Amino acid sequence: MDIIETVFLKEGCIGYASGGTKGEEPPPLTVRQAASAAAAGLRMLDGVRMLGPSLAKLCDMPVGDGNDEQPSIASMLCIAIHRTTVKNAARTLENLAKAIQEDPVKGSAQRVKDARVAPLTCDVVRAVRSIATFDSAYKSVSKRRQLPWDPNMGDDAGELDSFVRFLVMRLVNSLKGKALNYTKHAGDLGQARSSMFMMNNMFYLRDELGPRAGTAAVPGEFRIESSWFVDKVNKLFESEKNKYLAHWEVLNTHLTSVEHDELEYQKNDTILSLDSGRLIKSRFSGFNEDFERIYEDHKELCVVDPRLRDLLQKEVAGVFLPLYRSFYEKYSKIRFSKKHQSDYTKYMPFKIEDLLDHLYVDAE
């Protein structure tokens with residue numbers, strides 16, 4: 001029992017580390033540390049569950065003088081070890097959830113500058129995978145202990161899926177906090193980074209833990225097949241994608257038609273009058289300025305996954321490019337400027353397409 005308390009309790013990151021000064025506040029746990037401790041606790045509990053029958057065979061020694069039927073020393077020892085292990089395993093599970101919520105790297109105040117996948121998300125994916133195979137051990141804990149995410153006990157206690165769901169929701173809440181911090185800086189660019197950050201993280205989470213779409217399951221690979229996961233992650237992804245694409249919709253405000261009766265030509269010439277030319281000039285110049293500004297802001301946002309990068313490039317193009325192509329085809333043929341028409345019409349549609357193909361970076 002002393003060995004369990006010393007090695008499992010303390011080295012399992014649910015007490016003070018051995019060798020530390022008594023009364024000294026332990027450092028905050030990282031998600032990786034907490035996940036390792038939780039997996040170790042469940043693994044140890046699996047071993048303890050197998051210990052009972054073995055000890056009973058090797059040490060079937062009754063307690064007392066034999067006149068009263070009492071549990072054997074082996075069974076009493078097994079019960080004591082099991083209770084201690086269940087208690088400590090429960091604390092490691094609680095600490096894992098707490099580590100995700102608090103995220104030792106300054107919690108929600110931390111944000112990745114280029115909006116890439118947060119280290120916390122990667123750590124939570126590893127954590128879920130590390131505990132995913134211990135269904136029976138987890139049930140041993142949940143049946144005997146009230147847990148913050150599952151107050152039921154006995155036969156009404158939840159399965160491992162309920163704990164995984166709790167961890168994922170803690171992660172999502174932490175990511176929302178980090179995303180919110182983007183919006184406090186750089187105006188519209190901050191809003192765009194916030195949405196990109198959430199898209200990157202939701203895409204990664206869905207790709208790593210969600211059901212495999214159209215491909216056979218890999219033996220031994222853990223996937224969350226429950227509808228709550230797919231619905232939550234997909235809903236968040238689509239919501240943030242719509243918010244992000246809205247930043248590009250401003251380009252369409254410049255691509256309105258000029259009515260035919262507003263177009264007047266100079267006498268004996270094919271060039272528009274000064275006033276009519278200004279109507280088209282203002283539309284081209286407005287589009288060019290906004291496109292250059294938005295593109296410059298967004299091109300350095302990080303999208304590591306090539307599938308997501310390709311998806312977003314196509315979605316962005318779909319927001320304004322069809323309308324711009326029609327607008328350009330119609331009005332670039334009209335002479336609306338004597339000297340600077342090429343400056344206004346410098347962004348031919350194929351050039352826009354080429355620029356969008358290079359939108360976003362895939363690494364530092």
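For clarity, every value in this text was computed on a predicted model and none was experimentally measured. In what follows, every heavy atom counts, from backbone to side chain, and hydrogens, waters and symmetry copies are set aside.
The two atoms that bring Leu301 and Asp297 nearest to each other are CG-O, 4.4 Å, heavy atoms only. Closest of all the heavy-atom pairs between Val125 and Leu205 is CG2-CD1, 3.9 Å. Smallest separation of non-hydrogen atoms from Ala115 and Asn200: O-ND2, 2.7 Å. Across all their heavy atoms, Ala90 and Leu147 have their closest contact at CB-CD2, 4.1 Å. Across His298 and Trp248, no two heavy atoms sit closer than the pair ND1-NE1, 3.6 Å. The two residues Val117 and Cys122 have their closest heavy-atom pair at CG1-SG, 4.0 Å.
Counting only N and O atoms by type, the side chains of Arg165 and Ser226 include no donor and acceptor under 3.5 Å apart. Side-chain contact annotation: Ser342 with Lys346, donor-acceptor N/O pair under 3.5 Å absent.
Proximity of a side-chain donor or acceptor of Ser195 to a complementary backbone N or O of Ala192 within less than 3.5 Å is not detected. The backbone N or O of Ala118 sits less than 3.5 Å from a side-chain atom of Asn201, completing a donor-acceptor pair. For Arg309 (side chain) and Val303 (main-chain N/O), a donor-acceptor pair under 3.5 Å exists by modelled atom type. With Tyr328 contributing its side chain and Thr345 its backbone, the two residues share a donor-acceptor pair below 3.5 Å. Formation of a donor-acceptor pair under 3.5 Å by the Thr183 side chain with backbone atoms of Ala179 is not found in this model. A donor-acceptor pair is defined here as one N or O able to donate and one able to accept, closer than 3.5 Å; such a pair exists between the side chain of Tyr295 and the backbone of Leu355. Using a distance-only test at 3.5 Å, with no hydrogens or angles considered, no donor-acceptor pair links the side chain of Arg91 to the main chain of Lys87.
Residues Lys299 and Glu296 are paired through a salt bridge, judged by an N-O separation under 4.0 Å between the basic side chain and the carboxylate. Between Glu208 and Arg129 there is a salt bridge, since a side-chain N of the basic residue sits under 4.0 Å from a carboxylate O of the acidic one.
Ser130 pairs by the side chain to side chain donor-acceptor pair (under 3.5 Å) definition with nothing, not counting sequence neighbours. Residues meeting the salt bridge (Lys or Arg N to Asp or Glu O under 4.0 Å) test with Glu289, sequence neighbours left out: none. The ring-ring contact (aromatic ring centres under 6.0 Å, His included) test applied to Phe327 returns Phe284, Tyr331, not counting sequence neighbours. Residues satisfying the salt bridge (Lys or Arg N to Asp or Glu O under 4.0 Å) test with Lys139, not counting sequence neighbours, are Glu159. Residues passing the salt bridge (Lys or Arg N to Asp or Glu O under 4.0 Å) test with Arg43: none are found, sequence neighbours excluded. Partners of Tyr360 by ring-ring contact (aromatic ring centres under 6.0 Å, His included), not counting sequence neighbours: none found. Taking the side chain to side chain donor-acceptor pair (under 3.5 Å) definition, one finds that Lys339 meets it with nothing, sequence neighbours left out. Residues that satisfy the side chain to side chain donor-acceptor pair (under 3.5 Å) test with His254, not counting sequence neighbours, are Asp290. The salt bridge (Lys or Arg N to Asp or Glu O under 4.0 Å) test applied to Arg32 returns Asp123, not counting sequence neighbours.
Residue Asn234 holds its CG atom at 11.5 Å from OG of Ser227, rounded to the nearest 0.5 Å. Between the CZ atom in Phe203 and the OG1 atom in Thr121 there is a gap of 14.0 Å [rounded to 0.5 Å]. Atom CG of Leu45 sits about 9.5 Å away from atom OG1 of Thr92, to the nearest 0.5 Å. Atom OH of Tyr344 and atom CZ of Phe287 lie 15.5 Å apart (nearest 0.5 Å). In this structure, CG on Leu189 lies 8.5 Å from NE2 on His247, to the nearest 0.5 angstrom. One finds the CG atom of Leu359 at 11.5 Å from the CG atom of Asp310 (value rounded to the nearest 0.5 Å).
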Check the pair Ile294 / Leu251 against side chain to side chain contact (heavy atoms under 4.5 Å, CB included), numbers first and verdict last.
CA-CA 9 Å; Ile294 297 172; Leu251 299 176; 4.2 Å; yes
In sequence, state the C-alpha distance, the side-chain angles, and the governing distance for Tyr182 and Gln191, and then conclude on side chain to side chain contact (heavy atoms under 4.5 Å, CB included).
CA-CA 7 Å; Tyr182 283 105; Gln191 295 282 351; over 6 Å; no
Steps toward side chain to side chain contact (heavy atoms under 4.5 Å, CB included) verdict (Leu42, Leu93)
CA-CA 9 Å; Leu42 294 175; Leu93 297 176; 4.2 Å; yes
Criterion side chain to side chain donor-acceptor pair (under 3.5 Å) on Tyr347 and Glu292, from CA distance to verdict:
CA-CA 10 Å; Tyr347 287 118; Glu292 288 168 357; 2.7 Å; yes
Please report the C-alpha distance between Tyr204 and Asp305 in whole Å, then the side-chain angles of each, then the deciding distance to 0.1 Å, and finally whether the side chain to side chain contact (heavy atoms under 4.5 Å, CB included) criterion is met.
CA-CA 8 Å; Tyr204 177 83; Asp305 194 295; over 6 Å; no
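At least one side-chain heavy atom of Met198 sits less than 4.5 Å from a side-chain heavy atom of Leu175. Taking 4.5 Å as the limit, every side-chain heavy atom of Gln101 sits out of range of all side-chain heavy atoms of Asn173. Side chains of Tyr324 and Asn252 form no contact here, defined as non-hydrogen atoms less than 4.5 Å apart. Two residues are said to be in side-chain contact when any heavy atoms from C-beta on lie closer than 4.5 Å; Asn88 and Thr85 fail this criterion.
Val128 and Met169 sit in two unconnected hydrophobic clusters of ILVMFWY residues. Membership requires side-chain heavy atoms under 4.5 Å apart, directly or through other members. Under a hydrophobic clustering in which Ile, Leu, Val, Met, Phe, Trp and Tyr are joined whenever their side-chain heavy atoms come within less than 4.5 Å, directly or via other members, Val316 and Val319 fall into the same cluster. Hydrophobic cluster membership differs between Leu236 and Leu180, with clusters built from Ile, Leu, Val, Met, Phe, Trp and Tyr side chains linked at under 4.5 angstrom.
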Show which side-chain atoms of residues 149-157 pair as donor or acceptor with protein atoms under 3.5 Å away, not counting sequence neighbours.
{"residue": "Trp149", "atom": "NE1", "partner": "Tyr138", "partner atom": "OH", "Å": "2.8"}
{"residue": "Asp150", "atom": "OD1", "partner": "Asn152", "partner atom": "N", "Å": "3.4"}
{"residue": "Asp150", "atom": "OD2", "partner": "Gly158", "partner atom": "N", "Å": "2.5"}

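When each of Arg170, Lys176, Lys178 is tested with Ser174 by the rule side chain to side chain donor-acceptor pair (under 3.5 Å), just one qualifies, namely Lys178.
Pairs passing the side chain to side chain donor-acceptor pair (under 3.5 Å) check and including a residue from residues 348-359, sequence neighbours excluded, read Arg325-Glu353. Screening residues 229-252 for salt bridge (charged side-chain N to carboxylate O under 4.0 Å, His left out) gives Glu238-Lys241, Glu240-Lys243, Lys241-Glu315 as the qualifying pairs, with residues at least two apart or on separate chains.
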